Amino acid sequence: MIIGENLPNMPWQDRPEGCKDVVWRYSENPIIDRHAIPSANSVFNSAVVAKDGAYVGIFRSDDRCMEQHLFLGKSNDAIHWDIEPDPLPLYNEKEEQVGVATGYDPRVCFLEDRYYVTWCTQFEGYHGPTIGVAYSYDFKKFYQLQSAFLPYNRNGVLFPKKINGKFMMFSRPSDNGHTPFGDMFLSESPDMEHWGYHHHVMNPTGWCWTKVGAGPIPIELDEGWLLIFHGVGTTCNGMIYSIGAAILDKDEPWKVKYRCKPYILHPETSYECVGDVPNVCFPCATLTDAATGRIAIYYGAADTVVALAFTQVDELVKYIKDNAM
Ligand code: BMA
């Protein structure tokens, strides 16, 4: 059972007739075109959340100079999006604008009284990738905090509530390029600025033998945390990014209770296999409806467009358990 709000108007399609997969794609994929922003070369790996009966999102777009920025978007149905043409401005807590959100792979997490955005930024502008953190109460003004970790690090993903009185964030220490390794770690913080008590969560193995990192914000269940993640295997033709799932312990979420041995979604369609980076499904967000157990997964496809897939919590939990490593 999902512990969370009801979203009766979230996107949903029943599993297509004849489909036996635990996760199925939206029939109108991709939902966001690569040119959805005037300056865009591509719009992909992006995060959405529900707010006041509608939806807001933070979108990754690489422009035609191949610079990476984050953009604010709004939607009434979480499928059709109006995305701002200019990158998201960031402020410090003295209300001074400190720049625009530069970087990639945002996640958005509602936690206590505000929305946090975490993304992959450049440490002090040029020392390599690390986790940027900003918050907003209203999606009008975003206040940037200190970067969470030393470089090189990527895929900072928050838990939607404090656990044992601490903020919790996943990360995946990396290198400065297309990292050929990577384990998932979890760190604790009393104040969202000082991070420590690092725990190892998952190693790359099986279908994701190269690297593994957190995906969307974990979903709270009565029996633990449902974690949807990305994992990568390397072939003679390059890396393949697929989507996996696991259930983590509720109070000590660095402990993996069940890790699903097969992937739950793998690049197969033309928009996942053809684009700027072929063979990528990279999940950054979910929407859930606690009443029905519906889950919509937002993922970047081929580093080019945004796509949507669906699953149902009881079926996914059963699949993870039946196929646990
Ligand atoms: C990762 C990140 C992601 C991207 C993926 C595949 O290292 O850069 O944004 O989707 O590579 O290119």
Side-chain angles (χ1 to χ4, degrees), residues 29-34 36-37 40-48 57-63 65-71 87-88 101-108 117-123 128-132 147 149 151-157 170-185 202 204 207-216 228-235 237-244 263 265-269 271-285 297-309:
N29 271 349
I31 59 162
I32 300 178
D33 179 69
R34 66 183 302 162
I37 300 169
N41 165 74
S42 46
V43 184
F44 53 112
N45 306 357
S46 299
V48 310
I58 302 289
F59 294 87
R60 168 183 178 172
S61 176
D62 295 5
D63 66 19
C65 308
M66 296 312 273
E67 288 173 4
Q68 303 152 337
H69 291 295
L70 306 184
F71 294 76
L88 188 72
T102 299
Y104 48 95
D105 301 354
R107 275 55 166 208
V108 182
V117 183
T118 54
W119 73 102
C120 185
T121 187
Q122 286 286 317
F123 189 84
T130 189
I131 312 303
S147 293
F149 303 116
Y152 309 126
N153 208 329
R154 292 187 172 110
N155 294 295
V157 177
F170 293 108
S171 71
R172 196 199 75 198
S174 67
D175 68 11
N176 204 5
H178 305 298
T179 315
F181 61 85
D183 288 49
M184 195 193 300
F185 290 84
M202 267 188 214
W207 61 266
C208 50
W209 68 91
T210 302
K211 51 185 169 177
V212 63
I228 294 172
F229 59 86
H230 71 266
V232 181
T234 306
T235 71
N237 246 340
M239 294 180 182
I240 302 180
Y241 282 68
S242 307
I243 303 180
Y263 56 70
L265 195 82
H266 179 79
E268 284 175 14
T269 65
Y271 54 88
E272 295 161 347
C273 298
V274 179
D276 281 6
V277 183
N279 305 320
V280 179
C281 294
F282 193 94
C284 288
I297 304 170
Y298 289 77
Y299 64 102
D303 281 15
T304 304
V305 293
V306 179
L308 188 55

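Since the model is a prediction, treat every value here as computed from it, not as a measurement. Atom set for the values below is all heavy atoms of this structure, side chains included, hydrogens, waters and symmetry mates excluded. Each ligand, and each atom within it, is numbered from 1 in the order the structure gives.
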Check: of N155, D303, N279, min heavy-atom distance to atom 10 (O) of ligand 1 comes from D303
Applying the side-chain hydrogen bond (donor to acceptor under 3.5 Å, both in side chains) criterion to N41, which one of D62, D276, D303 satisfies it?
D276
Is there a polar contact between ligand 1 and Y104, counting only N or O atoms under 3.5 Å apart?
no
Ligand 1 versus R154: contacting region, heavy-atom distance under 4.0 Å:
neither
What part of N45, side chain from CB on, backbone N/CA/C/O, both or neither, has a heavy atom under 4.0 Å from ligand 1?
side chain
Atom 11 (O) of ligand 1: closest protein heavy atom, distance to 0.1 Å, is Y241 OH, 3.0 Å
Looking at CG of N45 and CZ of F59, how far apart are the two atoms once the value is rounded to the nearest 0.5 Å?
12.0 Å
Any nitrogen or oxygen of R172, side chain or backbone, less than 3.5 Å from one on ligand 1?
no
Do the side-chain N and O atoms of T130 and R154 include a donor-acceptor pair separated by under 3.5 angstrom?
no
Compare every heavy atom of R34 with every heavy atom of V305, then report the nearest pair and how far apart it is.
CG1-N, 3.7 Å
closest protein heavy atom to atom 3 (C) of ligand 1 is D105 OD2, 3.2 Å
Return yes if a side-chain donor-acceptor contact under 3.5 Å exists between T210 and T234, otherwise no.
yes
Going by atom types only, do N153 and S171 share a side-chain donor-acceptor pair under 3.5 Å?
yes
Do any heavy atoms of R60 fall under 4.0 Å from ligand 1?
yes
